[in-house]
Amino acid sequence: LHEIVVIDREDPPGDMRLVGYPILKEGAQEPAATELRIFAREQLPEYMIPSAFVFLQEYPLTPNKKIDRKALPAPDQSRPELDHQYVAPRDEIEEGVTNIFAGVLKLERVGIQDNFFDLGGHSLLATQVISRVRGDLHVDLPLRALFEALTPEELSKRIKAIHRLREDQLQAVPLASCQDDREEFRA
């Protein structure tokens, strides 16, 4: 990198996030967003890492030769360049989780192996994901679940495990209750 400017943007209104605008050294290849985040994590606390990067050849300038922050372009809504290929959801739960990630992160699509934080997520957006999982998928997860299961694939496994546990409990409890009720009725 030759230089980078980071600003907080509000795109759309109410959705504040940090966006980095790097300019590369002449002849350098554009690194993947994942590489930039890894580098940034070595230098900065998590809350200061940009959620998106927009590579520029040069910065727009004001008449006073200062960077015109209002003229910096908004990041696009496509999936950032990651170090792995897009993998589509394989079932309803994975599709639900990828849709939640995409909606919260304002991305067109998210793969099941995409890391929430590499896609631009942060702790405030994590709370929205957990809230949407609760509302859309009817599973109450603690916030730490998203920090432990960073991809839709991993989070879906937890959700499926909770669904299986619920099914097991529903099958075991009502059956025993019904038998007890019939014995009392016969007596």
Side-chain angles (χ1 to χ4, degrees), residues 1-87 97-136 141 143-152 154-155:
L1 291 178
H2 173 66
E3 138 179 53
I4 185 167
V5 168
V6 176
I7 65 166
D8 57 335
R9 290 191 66 101
E10 192 171 11
D11 300 312
D15 183 24
M16 294 295 289
R17 63 183 183 153
L18 293 178
V19 178
Y21 295 91
I23 293 180
L24 299 175
K25 291 180 181 176
E26 194 171 322
Q29 285 190 328
E30 188 174 301
T34 305
E35 292 177 71
L36 288 174
R37 279 193 193 82
I38 290 169
F39 175 75
R41 281 188 184 109
E42 294 170 358
Q43 314 295 320
L44 301 167
E46 187 69 37
Y47 71 91
M48 293 179 77
I49 297 173
S51 62
F53 294 93
V54 178
F55 288 90
L56 301 174
Q57 298 297 318
E58 59 184 33
Y59 295 121
L61 301 175
T62 65
N64 295 336
K65 305 289 183 212
K66 296 188 179 199
I67 295 174
D68 186 353
R69 294 172 181 267
K70 293 178 183 174
L72 291 168
D76 65 15
Q77 301 298 318
S78 63
R79 178 178 175 265
E81 192 64 37
L82 301 174
D83 57 359
H84 61 274
Q85 296 295 318
Y86 169 81
V87 179
V97 175
T98 57
N99 287 340
I100 289 169
F101 274 35
V104 168
L105 296 169
K106 313 259 187 293
L107 296 173
E108 291 173 6
R109 71 177 188 171
V110 172
I112 61 169
Q113 296 176 348
D114 294 349
N115 181 304
F116 176 74
F117 295 99
D118 288 345
L119 293 172
H122 52 73
S123 58
L124 294 177
L125 292 177
T127 61
Q128 291 180 33
V129 167
I130 295 301
S131 176
R132 295 261 319 264
V133 165
R134 185 177 300 119
D136 297 358
L141 293 172
L143 181 59
R144 77 172 184 279
L146 186 55
F147 290 88
E148 296 168 353
L150 300 170
T151 66
E154 293 168 354
L155 199 59

side-chain contact (heavy atoms from CB on, under 4.5 Å) between L24 and E30: does it pass, once the steps are laid out?
CA-CA 7 Å; L24 299 175; E30 188 174 301; 4.0 Å; yes
Does the side-chain contact (heavy atoms from CB on, under 4.5 Å) test come out yes or no for T62 and K70, once each step is laid out?
CA-CA 10 Å; T62 65; K70 293 178 183 174; over 6 Å; no
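The residue from L155, L125, V110, T151 that alone fulfils the side-chain contact (heavy atoms from CB on, under 4.5 Å) condition with F116 is L125.
The closest side-chain heavy-atom distance from V19 to P50 is not below 4.5 Å. Residues I100 and Q128 are not in side-chain contact: their nearest non-hydrogen atoms beyond the backbone lie 4.5 Å or more apart. A 4.5 Å side-chain heavy-atom check between I112 and Y86 finds every atom pair outside the cut-off. At a threshold of 4.5 Å between non-hydrogen side-chain atoms, the residues L146 and I130 count as touching. Side-chain contact check for P75 versus R9: some heavy-atom pair is nearer than 4.5 Å.
Considering CD of Q43 and CD1 of I38, their distance stands at 12.5 Å, rounded to 0.5 Å. Rounding to the nearest 0.5 Å gives a distance of 10.0 Å between CD of E148 and CG of L143. Expressed to the nearest 0.5 Å, how far CD1 of I23 lies from CD of E3 amounts to 5.0 Å. Atom CZ of residue R37 and atom CD1 of residue I49 lie 8.5 Å apart, to the nearest 0.5 angstrom. Once rounded to the nearest 0.5 Å, the distance linking CG of L61 with CG of D68 reads 8.0 Å. The CG atom of D118 lies 12.5 Å from the CD atom of Q113; values are rounded to the nearest 0.5 Å.
Residue P60 comes nearest to L72 through the heavy atom pair CD-CD2, 3.6 Å, listed as atom of the first residue, atom of the second, then distance. For the pair P73 and V54, the tightest heavy-atom approach, listed with the atom from each and the gap, is CG-CG1, 3.9 Å.
For E154 (side chain) and L150 (main-chain N/O), a donor-acceptor pair under 3.5 Å exists by modelled atom type. Listed for the R132 side chain is no donor-acceptor partner under 3.5 Å among the backbone atoms of F101. A donor-acceptor pair is defined here as one N or O able to donate and one able to accept, closer than 3.5 Å; no such pair exists between the side chain of N64 and the backbone of K66. Distance alone, capped at 3.5 Å, places no donor-acceptor pair between the D136 side chain and the V133 backbone.
Between F117 and F147, the distance from one ring center to the other falls under 6.0 angstrom. Residues Y21 and Y59 place their aromatic rings such that the two centres sit no closer than 6.0 Å.
No more than 12 heavy atoms of other residues, nucleotides or ligands sit less than 6.0 Å from atom CD of E58.
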